[in-house]
*Asks:* 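My questions will all concern the structure given below.
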Amino acid sequence: MGGTTTVAKHRAPDADPADFDAATTALTDVSGDYVVDVAHTRIGIRARHAMVTTVRGSFRDFEGEAHLDAADPPASRVVLRIATASVDTGQPDRDAHLRSPDFLDVEAFPAIVFTSTAVEQIDDDVFRVTGDLTIRDVTRPVSVDFALTGSAMDPFGNARVGFEGALAIRRSDWGLTWNTPLDTGGVLVSDRIQIEFDVSAIRAA
């Protein structure tokens, strides 16, 4: 599988806007430098297990910065760094296996890094962010459609924006090839996984 990995959906698949109060759009210009608010951001992962169900998890430790330019979206940029050892699926034995050399090999490769190379506005509130995704020292291009979900001034005086997006990749493209065949056909862990982004970012002072 070569070239750029793209994803069609720009919202996390489980998020139905009808489930929540309407988002606010309080900022007339969201341009500026931002930092990711870790306490209000989720970076999730999903994979098929035993060909019958979906296992979900997330990364607990990460940081990111972005520059947003509403007047010139291609001038925008983002960098995200994720601590691989912070993977959490709610099951200690499974998490230990994910941290092992079979998967993320966190001792040798402590971070997953995404660095944008291009930003394109494709709808009123949707931006396609293309960049380099590095996992286990393998770097490949990917594209993620991010939807601007709202903007606000929070009670602490912070200008805040929200984005949602999802990225589907084949983990084998980054060297994560461990698997076990099933007697009934198929494999224990899907090659295709999904990374979900629910991001809240605060404008830097």
Side-chain angles (χ1 to χ4, degrees), residues 1-15 36 38-39 41-65 78-118 128-146 163-199:
M1 176 178 164
T4 299
T5 302
T6 59
V7 61
K9 296 180 179 179
H10 56 259
R11 290 188 183 275
D14 293 333
V36 172
V38 175
T41 294
R42 175 180 176 271
I43 300 177
I45 52 173
R46 301 198 310 162
R48 296 289 284 175
H49 178 262
M51 310 298 289
V52 298
T53 191
T54 299
V55 171
R56 304 166 191 266
S58 63
F59 291 96
R60 302 299 186 185
D61 185 6
F62 51 87
E63 60 182 9
E65 304 89 35
V78 61
V79 176
L80 181 64
R81 292 172 292 274
I82 303 168
T84 52
S86 70
V87 66
D88 181 2
T89 66
Q91 211 287 330
D93 289 343
R94 179 169 57 219
D95 293 343
H97 192 195
L98 290 174
R99 296 182 184 112
S100 77
D102 283 345
F103 287 97
L104 294 171
D105 196 359
V106 302
E107 294 295 330
F109 308 106
I112 295 170
V113 180
F114 174 77
T115 303
S116 67
T117 56
R128 179 160 295 156
V129 180
T130 299
D132 293 328
L133 178 64
T134 301
I135 306 174
R136 289 177 57 118
D137 275 4
V138 176
T139 300
R140 296 179 64 87
V142 297
S143 290
V144 187
D145 289 354
F146 281 100
F163 289 92
E164 292 180 357
L167 170 66
I169 66 171
R170 294 190 181 279
R171 59 187 177 89
S172 58
D173 289 342
W174 281 265
L176 282 77
T177 58
W178 183 92
N179 230 321
T180 297
L182 302 176
D183 292 341
T184 52
V187 291
L188 185 64
V189 183
S190 62
D191 186 25
R192 182 181 173 89
I193 64 171
Q194 187 162 327
I195 306 172
E196 302 165 343
F197 304 92
D198 297 290
V199 179

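Sequential numbering from 1 along the given sequence is applied to the chain's residues.
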*Asks:* What heavy-atom pair brings Phe59 and Thr84 nearest, and what distance separates the two atoms?
*Replies:* CE2-O, 4.0 Å
*Asks:* Would you confirm whether Trp178, through its side chain, and Leu98, through its main-chain N or O, come within 3.5 Å as a donor-acceptor pair?
*Replies:* no
*Asks:* Donor-acceptor pair, Arg56 side chain versus Ala47 backbone, under 3.5 Å?
*Replies:* no
*Asks:* Rounded at 0.5 Å granularity, tell me how far OG in Ser190 sits from CZ in Arg48.
*Replies:* 8.0 Å
*Asks:* Only distances under 3.5 Å count here; give the side-chain donor-acceptor pairs of residues 107-117 to other protein atoms, sequence neighbours excluded, each with its distance to 0.1 Å.
*Replies:*
residue: Ser116; atom: OG; partner: Val78; partner atom: N; Å: 2.8
residue: Ser116; atom: OG; partner: Val78; partner atom: O; Å: 3.3
residue: Thr117; atom: OG1; partner: Thr130; partner atom: O; Å: 3.2

*Asks:* Is there side-chain contact between Gln194 and Ile45, with heavy atoms separated by less than 4.5 Å?
*Replies:* no
*Asks:* Regarding Ser58 and Arg42, is there a side-chain donor-to-acceptor distance under 3.5 Å anywhere?
*Replies:* no
*Asks:* If you measure only the distance, is there a donor-acceptor pair under 3.5 Å linking the side chains of Asp191 and Ser172?
*Replies:* yes
*Asks:* I'd like to know if the side chain of Asp95 and the backbone of Thr89 have a donor-acceptor N/O pair within less than 3.5 Å.
*Replies:* yes
*Asks:* Locate the shortest heavy-atom distance separating Arg136 from Asp102; write the atom from each residue and the value.
*Replies:* NH1-C, 4.5 Å
*Asks:* Should Val55 and Arg94 be marked as a side-chain contact (heavy atoms from CB on, under 4.5 Å) after you check the CA-CA gap, both sets of side-chain angles, and the distance that decides it?
*Replies:* CA-CA 10 Å; Val55 171; Arg94 179 169 57 219; 3.7 Å; yes
*Asks:* Please answer whether the main-chain N or O of Ala85 pairs with a side-chain N or O of Arg99 as donor and acceptor at a distance below 3.5 Å.
*Replies:* yes
*Asks:* Closest heavy-atom contact between Arg171 and Val189?
*Replies:* NH2-O, 3.3 Å
*Asks:* List in chain and number order the residues that pass salt bridge (charged side-chain N to carboxylate O under 4.0 Å, His left out) with Arg81, two or more places apart in sequence or in another chain; answer none if no residue qualifies.
*Replies:* Glu63, Glu65
*Asks:* A side-chain contact here means heavy atoms from C-beta on lying under 4.5 Å apart; do Phe197 and Thr41 qualify?
*Replies:* no
*Asks:* For Arg128 and Ser143, run side chain to side chain donor-acceptor pair (under 3.5 Å): C-alpha distance rounded to whole Å, both residues' side-chain angles, the deciding distance at 0.1 Å, then the answer.
*Replies:* CA-CA 6 Å; Arg128 179 160 295 156; Ser143 290; 5.6 Å; no
*Asks:* Taking it one step at a time, do Thr139 and Leu133 satisfy side-chain contact (heavy atoms from CB on, under 4.5 Å)?
*Replies:* CA-CA 5 Å; Thr139 300; Leu133 178 64; over 6 Å; no
*Asks:* Quick check: closest heavy atoms across Phe103 and Leu176, and the distance to 0.1 Å?
*Replies:* O-CG, 3.8 Å
*Asks:* Quick check: do Ile43 and Ile82 have side-chain heavy atoms less than 4.5 Å from each other?
*Replies:* yes
*Asks:* Between CD1 of Ile195 and CD1 of Ile193, what distance do you get to the nearest 0.5 Å?
*Replies:* 5.0 Å
